[in-house]
> 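Mind having a look at this structure? Questions to follow.
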Protein chains: 2
Amino acid sequence: MRDVAQLAGVGIKTVSRVVNGEPNVSPATAERVRQAAASLHFEPDLHAGNLRRADRRSRTLGLLVSSVANPFAAQVHRAIERVAIEHGYAVLAASLEDDPDAELRAVTALARRRVDGFVVTPVRDDQAYLRLHVERGTPLVCVDREPHGIETDTVVTSNVEGARDAVRHLLAHGHRRIAFLGDLERIQTAGQRRQGYLDELAASGIDVDPALIVLGLHDDASATAVARRLLTLPDPPTAIFSGQNLVTIGAIRALQQLGLEHDVALVGFDDVETSDLLKPRVTTVSQDADRIGRLAAERVFARLDGDTSPPRHLVVPTRLVVRGSGEIRAPLAAPADVG
Amino acid sequence: MRDVAQLAGVGIKTVSRVVNGEPNVSPATAERVRQAAASLHFEPDLHAGNLRRADRRSRTLGLLVSSVANPFAAQVHRAIERVAIEHGYAVLAASLEDDPDAELRAVTALARRRVDGFVVTPVRDDQAYLRLHVERGTPLVCVDREPHGIETDTVVTSNVEGARDAVRHLLAHGHRRIAFLGDLERIQTAGQRRQGYLDELAASGIDVDPALIVLGLHDDASATAVARRLLTLPDPPTAIFSGQNLVTIGAIRALQQLGLEHDVALVGFDDVETSDLLKPRVTTVSQDADRIGRLAAERVFARLDGDTSPPRHLVVPTRLVVRGSGEIRAPLAAPADVG
DNA sequence: TTGAAAGCGCTAACAC
DNA sequence: GTGTTAGCGCTTTCAA
């Protein structure tokens, strides 16, 4: 910058003014400065400026997700990036892989880089430690899961309602023995989806068979194994509600292996790529990742713009996408037990 | 930092030493400083330090990809992040959506944030403008596509060889009329895959029917339409080689719509999620995104570590994953034309 | 309309 | 072992 000033024959502050588009520079001077800057390939150092700048904004957002390679997280990321760009922001993303320590490390790494705001998918049991950053003026928005130990803006999927929709849909097709396959219990959304499943069955006065509820499934292999076991029970379920997309894939594989894919109904929570191409096509409760990301980013910028209203808890509805597998009807009920 | 120094009753430089783990601090002093830092929740400002630090490293990498939501790019991103973390680095990612102007904007945005290295999927016709950054000491590694106008490290998939493998596989199953469905011509990898297709046919002395080659497909809808048209030709192809995963999905849909999925062979370039669940399962030429990302990141760090050897051009081989659709045999050849 | 001086939070160089 | 001084590249303040 000093070099640019020298070459343009002006003071360093004038260069600063031109670079930042500040007023009170004669067009002629401005032009000379621009020429000089271009010829020296000058790129202002954003971080150096921040040191002294009034707003002290790094124009960078920090994003913590399960994994940038996870399709849902990646879509949320893209949506956040879109909003960020509009505001002249860049996004620093970190993958946590559900590791509580990684959450801490990532927050520290991003804090040292002085991100202006955090969008976090909580992993730890307690996010109270993040209060510090919020108090220091770095807004925090939690996505996908609710944080613990801190009151802050959140944007989550309507997990309970979505699960209820799925189960209601299966009930409407005559099913009474509906299995639930869920992710690890410590993952909040898994618990909520199970809750929706239980709520809807309760609301319909259906007795729950605990044998049909399995949690702790985190990949498709274990889901396949469990689904096979349930489907070969003496009194098997006539429908399956799977609570996560890898689990859905596992369930499909089990159904295919047993040749039951056209006989046992299936509704999966969260989309399965190319679910359109399968036979039958898979009915899913799909999440609006794009909207979640967009809302989260908008919340961050609202806070950066000085919004001090109470924390907002946004719930993004799911959509039941009817494609075929969920509309398989239950076989005629066996005669009621008469003892 | 001054506050920490005051609270610990030491000089500011001692705090710096403790924070950075430099030697020549007595254990007792160090402990007092640590206490003070913790009680004030001190987080050093990485960027402020960089201003004066000898290596001037922001410990941040810039990544430019088609889209962070694209599964291939997202996997590359994750692999880069893994290597980055090991080196204490964070990753700033930007989505270009194949927009040449976005490439320029993203490079500028990252340069102003003083990233230490770039990993770029080139979009523009010319990357000569990046020489500046390289000369100023910011290494550049191009992934997935070769850059133009600059000699730098590259990590790409063996597109030509992978395509040849696919076509050879189809030839081995008796096919002679093999269609090629490719992405937009301006996308380098699309051209390379077509080249591999042509090469392999030429090597086998097969005449190419230009009617069976269609480029310019960028989504599954257009691919479906084109595949339908080809398959309903008077003399239709007996096999399809699709050059991109959305195109593969389109081709599958067309085959399903026409009820031909068990009669016409299909090999797709790049993986299709859940291709395992389809009937028939889809044979693909799969790219090793993880390896590409890892190698690219390792190249950046090698350069940062002072490697000044000539640019390396790494080619990551593909793998033909045999699953069923590519092994459908050609129907018995029609009698040769005898005029 | 312009520029000089001070200072942002930190590290380098050197003195003690 | 420890502290002092200068200065990184920029913006602020304020004087001209």
Side-chain angles (χ1 to χ4, degrees), chain A residues 1-34 36-37 40-60 88 108-116 136-138, chain B residues 1-34 36-37 40-60 88 108-116 136-138:
Chain A
M1 187 143 164
R2 222 180 29 225
D3 303 341
V4 176
Q6 193 153 20
L7 182 59
V10 300
I12 190 171
K13 175 63 215 186
T14 301
V15 178
S16 170
R17 274 195 263 264
V18 173
V19 165
N20 293 292
E22 284 171 36
N24 295 329
V25 181
S26 77
T29 317
E31 190 45 37
R32 257 187 313 137
V33 170
R34 259 188 293 273
L40 293 177
H41 302 290
F42 171 74
E43 283 289 3
D45 184 326
L46 196 62
H47 299 308
N50 273 359
L51 228 40
R52 200 68 173 75
R53 206 191 316 276
D55 62 7
R56 301 192 53 96
R57 295 270 165 89
S58 63
R59 298 182 183 282
T60 306
T108 302
L110 298 185
R112 293 186 172 195
R113 286 173 178 80
R114 295 294 188 263
V115 294
D116 296 339
R136 279 151 127 95
T138 312
Chain B
M1 189 147 163
R2 226 182 25 226
D3 302 341
V4 176
Q6 193 153 19
L7 182 60
V10 300
I12 191 171
K13 175 65 213 186
T14 302
V15 177
S16 170
R17 275 195 263 263
V18 173
V19 166
N20 294 291
E22 284 169 36
N24 295 329
V25 180
S26 78
T29 317
E31 190 45 36
R32 254 187 316 139
V33 171
R34 259 187 294 274
L40 293 177
H41 303 290
F42 169 76
E43 282 288 3
D45 183 327
L46 196 61
H47 299 308
N50 273 358
L51 229 40
R52 200 65 172 73
R53 205 192 318 275
D55 63 7
R56 303 194 48 104
R57 295 270 166 89
S58 62
R59 296 182 184 283
T60 306
T108 302
L110 298 185
R112 294 188 171 192
R113 286 171 179 81
R114 295 295 187 263
V115 295
D116 296 339
R136 279 151 128 94
T138 312

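Computed from heavy atoms alone, side chains included, the values below leave out hydrogens, waters and symmetry copies. All chains are named by letter (A, B, ...) in the order of the sequence lines, taking the proteins before the strands, and each is independently numbered beginning at 1.
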> State which residues pass side-chain contact (heavy atoms from CB on, under 4.5 Å) with A/Ala48; sequence neighbours excluded, sorted by chain then number.
A/Asp45, B/Leu51
> Closest nucleotide of DNA chain D for B/Gly11 versus for A/Val15: which of these residues is on the 5' side?
B/Gly11
> List for me each residue that meets side-chain hydrogen bond (donor to acceptor under 3.5 Å, both in side chains) alongside B/Ser58, sequence neighbours excluded, and say none if there are none.
B/Asp116
> Side chains of B/Glu43 and A/Thr108: closer than 4.5 Å at any heavy-atom pair?
yes
> Work out which heavy atom in B/Val15 is nearest to a heavy atom in B/Met1; give both atom names and the distance.
CG1-CG, 3.9 Å
> Of all nucleotides in DNA chain D that come within under 4.0 Å of a heavy atom of chain A, which is furthest toward the 5' end and which toward the 3' end?
D/dG9 to D/dT12
> Checking B/Leu46 now: which residues fulfil side-chain contact (heavy atoms from CB on, under 4.5 Å) with it, not counting sequence neighbours?
A/Arg112, A/Arg113, B/Arg53, B/Arg59
> Out of curiosity, B/Thr60 OG1 to B/Leu110 CG, how far, rounded to the nearest 0.5 Å?
10.0 Å
> Taking the nucleotide of DNA chain D with the nearest heavy atom to each, does A/Lys13 or B/Lys13 sit closer to the 5' end?
B/Lys13
> Got a sec, which residues hit side-chain contact (heavy atoms from CB on, under 4.5 Å) with B/Arg2, two or more places apart in sequence or on another chain?
B/Ile12
> Mind listing the residues from residues 46-60 of chain A sitting with a heavy atom below 4.0 Å of DNA chain D? Number order is fine.
A/Ala48, A/Gly49, A/Leu51, A/Arg52, A/Arg53, A/Ala54
> Considering only distance and modelled atom types, tabulate donor-acceptor pairs under 3.5 Å from the side chains of residues 19-32 of chain B, sequence neighbours left out.
from    : atom 1 : to      : atom 2 : distance (Å)
B/Asn20 : ND2    : B/Ser16 : O      : 2.7
B/Asn20 : ND2    : B/Ser16 : OG     : 3.4
B/Ser26 : OG     : B/Thr29 : N      : 3.2
B/Ser26 : OG     : B/Thr29 : OG1    : 2.5
B/Glu31 : OE1    : B/Arg34 : NE     : 3.4
B/Glu31 : OE2    : B/Gln35 : NE2    : 3.2
B/Arg32 : NH1    : B/Ala8  : O      : 2.6

> Is the closest side-chain heavy-atom distance between B/Arg136 and A/His41 below 4.5 Å?
yes
> Using five base pairs at each end, measure the axis-to-axis angle across the helix from C/dT1-D/dA16 to C/dC16-D/dG1 and round it to 10 degrees.
30°
> Name the first nucleotide and the last nucleotide along DNA chain C (5' to 3') that come under 4.0 Å of a heavy atom in chain B.
C/dG9 to C/dA13
> Which residues in residues 17-28 of chain A have a heavy atom closer than 4.0 Å to any atom of DNA chain C?
A/Arg17, A/Asn24, A/Val25, A/Ser26
